[in-house]
Undergrad: 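This is the structure, below, for whatever I ask next.
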Amino acid sequence: MTTTDPITAITAPDPGTPPVTVRREALYFAVRNGKLLLGAGIVAIFLLIGIIGPFLVDRPPMEYVGQPMMPPDGEYWLGTTTFGQDVLAQFVHGVRNAFVVGLLAGGLAALIGMVIGFVAGYRGGLVDEILNMLTNVVLVIPTLAVLLIINAYLGIRSVGMQALFIGLTSWPWVARAIRAQTFSLRSRDFVDLARLSGVRTGKIILREIAPNMSSYLFMTFILLFGSSILIASSLDFIGLGPTDGVSLGVMLNHANQWSALHLGMWWWFVPPGAAITAIVGALYVANVGLDEVFNPKLREL
Amino acid sequence: MRQYFGRKLLIYALTFFVAVTVNWMIPRFMPGDPVASMVARARISDPEAVAAMQQYYSNLFGFDQPILAQYFNFWGALFAGNFGISIWAYPLPVADVIMDAVPYSLGLLIPSILLSWFVGNWAGALAARRKILDNTVLPVGYVLTAMPYMWIAILLCWGFGVVFQVLPVAGGYSFAMQPNLSWEFVGSLFQHWLLPFVSLFLVALGGWAIGMRNMIIYELEADYSNYLAALGAPHRLIRRYAFRNAVLPQITGLALQLGVLVAGALVTEIVFSYPGLGSLILKAIQNQDFFLLQGTFLFIVLGVLIANFVIDVVYVIVDPRTRAGMTGATT
């Protein structure tokens, strides 16, 4: 679902250039990068749909408001479900929840991955051994299977809790990639200098090491954002989605469960999947664009 | 090499230990009383029946014993192949129910994983640094890899099964047939297998193609490629060397992606009502059959660990550096 190997999909940043010029240069290339603009544009459109949509479509998403099984028309732009629910209302709320899950789960996973990666890479030794072992174990366990068990038993039924558990299980590759980069940075002169001047470890990591891979950290967050949306939609589709609201995965689940396919109600199952594909695909494309912006080696292409 | 395998096996053993422990812990330490909630979910109002059910579940989990004994009993039962009795398929043991479903899941997973990996790598390698091909492979790859597995399955199912009505949309074989060894039955199996296979294949394909393309470009810019080019080596030779180096991270990537691929197969099976582990999980969740759910979970973990080990062995065969005891593999 994600690019095959996220670790290699993003090229490592080159530390050591002064930050101000880098920032100005990045902006210069960012506004000229087609991939970044296209990706960011699509994401922005869906973000707008998610933010404003629920206010414009004021029909409650799960209530039976109209005629059942109506194809799209002027009144219901995306038609209605077998029960007469407004598909458009479900759609805009679903898009909103996709962003919520992506932001919370992706953010949490990025945070955990960073902390573990930085600490393991900077400290080395026994701490590294233990954290590395932990990373490898979580990396091997099939995430969705664990989430299935947790969700089924705990009966997780809110978007926030779902995001929390997705975040708790999808950090390992980030931790590993950041650990490798921290390794290569920690013996640099400027880090040694900071250490010699008695700066505390936490501050060295935050002030000296992290800024040197800030572009990389941002890109991992984008990848995690996309993959979290995909994981959440799978969980929702299996029937472990939020019950206090609607999501794109829940829409697909209902459509499949009430045989929208066999009744030919394409307006029920095409939009949610298309939205997920568009959001996640746009995130990936924007990510490639960002990579080209930050990494001069890739620019000529 | 011994150290390499030793480390790997240690990680796998540890992972299995963690998985089993999690599996044991969740029903016992989750907030609230699992027995009470299971009884409540059964929606029985007769107090006598409620008491009987409570008794039954407590015995089943072995709650009356000290916590450490419960834990060891759990491991003991596991090694005896005893996963409990399925509630959905009562009175069949969970292990039997799972064993019936496993061949279908493997039959879907193994061909789709291998084929998408080979075709994806080939397409990606072909596309790298070739403008026209690159401009088609890359966008198609990104769309495919961003698609949720169940959505592409739904689209294929709707398109070929409902609109054109050329392929069956549900089940592992025709409902009118009994499993037997005849060409007719094999044909039916194949017809039902085709669409789930294609949808799994397509989604995985995009990721491999993009990954390979990026790796080849990286390798073509490496010093050895430039050196070869400077010596005047033919383009084909340089590409071949680049390919051999670029394939290594893709093998590691295969190990990393196994969990995602299995998850994709689960939801695809649900769309097509394919009688594999995915459909089993759906049944288990719908019927609150926790033993079945936990058994399936352990099976999936075990399968992924075995597949990981197979990939490790392949890696050692493919990458001579691991054999020489140098650090080659990073996983």
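Each chain gets a letter, A, B and so on, in the order the sequences are listed, and its residues count up from 1.
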Undergrad: Taking the side chain as every heavy atom from C-beta outward, state whether Phe297(B) and Val146(A) have any atom pair closer than 4.5 Å.
TA: yes
Undergrad: Below 4.5 Å, heavy-atom pairs only: which of Val271(B), Val262(B), Val143(B), Val18(B) has the largest tally toward chain A?
TA: Val271(B)
Undergrad: Check Ile11(B), Leu10(B), Leu14(B) against Asn136(A) for a side chain to side chain contact (heavy atoms under 4.5 Å, CB included) and give me the one that passes.
TA: Ile11(B)
Undergrad: In terms of heavy-atom proximity below 4.5 Å to chain A, should Val304(B) be classed as side chain, backbone, both, or neither?
TA: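 It is the side chain, since no backbone atom gets that close.
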Undergrad: So Tyr142(B) and Val288(A), side-chain contact (heavy atoms from CB on, under 4.5 Å) or not? Walk me through it.
TA: CA-CA 10 Å; Tyr142(B) 274 112; Val288(A) 178; 2.7 Å; yes
Undergrad: Does any heavy atom of chain B fall under 4.5 Å from the side chain of Ser233(A), the backbone, both, or neither of them?
TA: both
Undergrad: Can you tell me how far apart CE (Met147(B)) and CG (Leu230(A)) are? Round to the nearest 0.5 Å.
TA: 11.5 Å
Undergrad: Looking at Phe16(B), I'd like to know if its CZ atom is crowded, meaning that more than 12 non-hydrogen atoms belonging to other residues, nucleotides or ligands lie closer than 6.0 Å.
TA: yes
Undergrad: Step by step, work out the side-chain contact (heavy atoms from CB on, under 4.5 Å) result for Tyr12(B) and Val140(A).
TA: CA-CA 8 Å; Tyr12(B) 298 152; Val140(A) 178; 4.2 Å; yes
Undergrad: Report which part of Val163(B) has an atom under 4.5 Å of a heavy atom belonging to chain A: side chain, backbone, both, or neither.
TA: neither
Undergrad: First locate atom CG of Leu144(A), then atom CD1 of Ile281(B), and finally report the distance between them rounded to the nearest 0.5 Å.
TA: 7.5 Å
Undergrad: Quick one: sort the Trp158(B) and Phe269(A) rings into parallel, tilted or perpendicular, breaks at 30° and 60°.
TA: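 Ring orientation of Trp158(B) relative to Phe269(A): perpendicular.
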Undergrad: Do the non-hydrogen side-chain atoms of Trp151(B) and Leu252(A) ever get within less than 4.5 Å of each other?
TA: yes
Undergrad: Under the side-chain contact (heavy atoms from CB on, under 4.5 Å) rule, collect the residues that match up with Val137(B), sequence neighbours excluded.
TA: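 Listed in chain order: Ala127(B), Ala209(B).
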Undergrad: Below 4.5 Å from any heavy atom of chain B, which atoms of Ala274(A) appear? Answer side chain, backbone, both or neither.
TA: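 Answer is both: backbone and side chain atoms of Ala274(A) are under 4.5 Å from chain B.
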Undergrad: How long is the gap from CD on Gln294(B) to CD1 on Ile149(A), to the nearest 0.5 Å?
TA: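 Spacing of CD (Gln294(B)) from CD1 (Ile149(A)) equals 5.5 Å.
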Undergrad: Examine whether an atom of Val138(A) lies under 4.5 Å from a heavy atom of chain B, and if so say whether it belongs to the side chain, the backbone or both; otherwise answer neither.
TA: neither
Undergrad: Which distance, rounded to the nearest 0.5 Å, do you find between the CD1 of Ile238(A) and the CG of Leu282(B)?
TA: 8.0 Å
Undergrad: Pick one of side chain, backbone, both or neither for Asn132(A), based on which atoms fall under 4.5 Å of a heavy atom in chain B.
TA: side chain
Undergrad: Measuring from Gln257(A):CD to Ile270(B):CD1, what's the distance to the nearest 0.5 Å?
TA: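 The distance works out to 10.5 Å.
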Undergrad: Using 0.5 Å steps for rounding, measure from the CG atom of Leu261(A) to the CZ atom of Phe272(B).
TA: 9.0 Å
Undergrad: Start with the C-alpha distance between Ile154(B) and Phe237(A), add both sets of side-chain angles, then the distance that settles side-chain contact (heavy atoms from CB on, under 4.5 Å), and finish with yes or no.
TA: CA-CA 12 Å; Ile154(B) 287 177; Phe237(A) 180 73; 4.2 Å; yes
Undergrad: Just wondering, do Leu155(B) and Val270(A) contact through their side chains at under 4.5 Å, heavy atoms?
TA: yes
Undergrad: Any heavy-atom pair between the side chains of Val301(B) and Pro142(A) that's under 4.5 Å?
TA: yes
Undergrad: Taking side-chain hydrogen bond (donor to acceptor under 3.5 Å, both in side chains) as the definition, give me every residue that meets it alongside Asn226(B), ordered by chain and number, with sequence neighbours left out.
TA: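 Partners of Asn226(B) under the side-chain hydrogen bond (donor to acceptor under 3.5 Å, both in side chains) test: none.
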Undergrad: If you define the side chain from C-beta out and look only at heavy atoms, does anything of Tyr284(A) sit under 4.5 Å from Ile210(B)?
TA: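 A side-chain contact is absent here, since even the closest heavy-atom pair is not under 4.5 Å.
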